[in-house]
Amino acid sequence: MTKSPTIPAAGRSGRGADQHDIATATAFSERVAEIYAAPPLTEARRRAFDAALMERVEASDSSSRRTRPRLGFALAPIAAAAAVLLLLLWIGPAEETTQQPLDAGDQRVIAHLPIDRQVDGRMDTATATPRVGSLEESMIAVATGPVSDSSEGLPADYAAIDSLFFGS
Amino acid sequence: MDAARRERLSSFVAENRDRAIGLAWRLLGGDGAAAEDVAQEAFLRAHRGLDGFREDANLSTWFYRILINEIQRHRRWRWVRVRSAGEMPAEPRDPRPAAQRDPALLARVTRAIERLPGGQRQAFVLVHLEGFTIREAAEISDKAVGTMKSHLHRALQSLRAELGDLDPRQETKP
């Protein structure tokens, strides 16, 4: 069975049909556009619109000019707090590294340390206690440092509480 | 505001005012007062954002994008108001004198366009009623050209089905 070739209907298929459809669609859209349109603006309406807009623009500009100094005042305490924080961060490590004169108690503690942790009769702070440094250094110190008794070095009142509740 | 900036804004408003209000009117279901409010807000926002406007972009496309955003915002706000307060949508009010046209036919066309999904309505109004090219409409709506074409096709199909008496295809049928 052979398929008979399609015979295009005169002027109403292929490109012709497309053209017709586009033409009717365009005509339909134009008809809708004609019906569904805003009434034209009168000259008075245009002037009123422009005047109202310019008034809003002026109000917006002047309010933004007024807001700028207020914003500065609002940000001043935040800036001051940030400056203080930076100062503290800068001073903090400097104080920790300052070597304080040793009192008698410190001298006794040092006397019990192994000899390699003493330097000229003073505590070698570099090896005896982890140096306060970056977060990364602290993490390494926690991870690799010796496991010690948690009660070691507790103040007297905390040690009493510790022994009372945990029996250590 | 300095004189040069004021002059620039005034000429831009003069060039685009009527079209902006007309477009807003069509996308807000024929509400003339809302159309003017939304167009003013769009001009104001454009004025505020003018410093950040990139010169390589088309100023007009950029403005109509702002306008479309404002229209969408207004429609969402109106929808929320109707839903939350149980308020009926207000009849389109237009302070301007009514044109010579059949009010029943206008109401029917308005309903048909308002019933279209948002993307289709926007595509149809921008391209078929306002005369933007598909590419411009896609840029304004922030959509792909293919999406825009698909919206246009569907919108046209729906409207031709609903407003058959306005379709020359139907009129020519015996």
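Just so we're on the same page: letters track the sequence lines, and every chain starts at 1.
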Evaluation steps, salt bridge (Lys or Arg N to Asp or Glu O under 4.0 Å), between B/Glu162 and B/Arg111: CA-CA 10 Å; B/Glu162 188 141 353; B/Arg111 267 198 308 275; over 6 Å; no
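Contacts of B/Ile113 with chain A are made by side-chain atoms alone, with heavy-atom separations under 4.5 Å and no backbone atom involved. Both the backbone and the side chain of B/Glu41 come within less than 4.5 Å of a heavy atom of chain A. Both the backbone and the side chain of B/Ala39 come within less than 4.5 Å of a heavy atom of chain A. Interface residue A/Ala52: backbone and side-chain heavy atoms are both found under 4.5 Å from chain B.
Among B/Arg81, B/Arg73, B/Arg75, the one residue that satisfies the side-chain contact (heavy atoms from CB on, under 4.5 Å) test with B/Trp77 is B/Arg81.
Interface check for chain B: of the options A/Glu34, A/Arg46, A/Glu30, the most heavy-atom pairs under 4.5 Å are formed by A/Arg46. Counting heavy-atom pairs under 4.5 Å between each of B/Arg26, B/His128, B/Arg48 and chain A puts B/Arg26 at the top.
For the residue pair A/Asp61 and B/His47, a side-chain donor N or O sits within less than 3.5 Å of a side-chain acceptor on the partner. In this model, a donor atom of one side chain and an acceptor atom of the other lie less than 3.5 Å apart for A/Thr24 and B/Arg160.
Between B/Phe63 and B/Phe43, the two ring planes are parallel [angle under 30°; tilted spans 30° to 60°].
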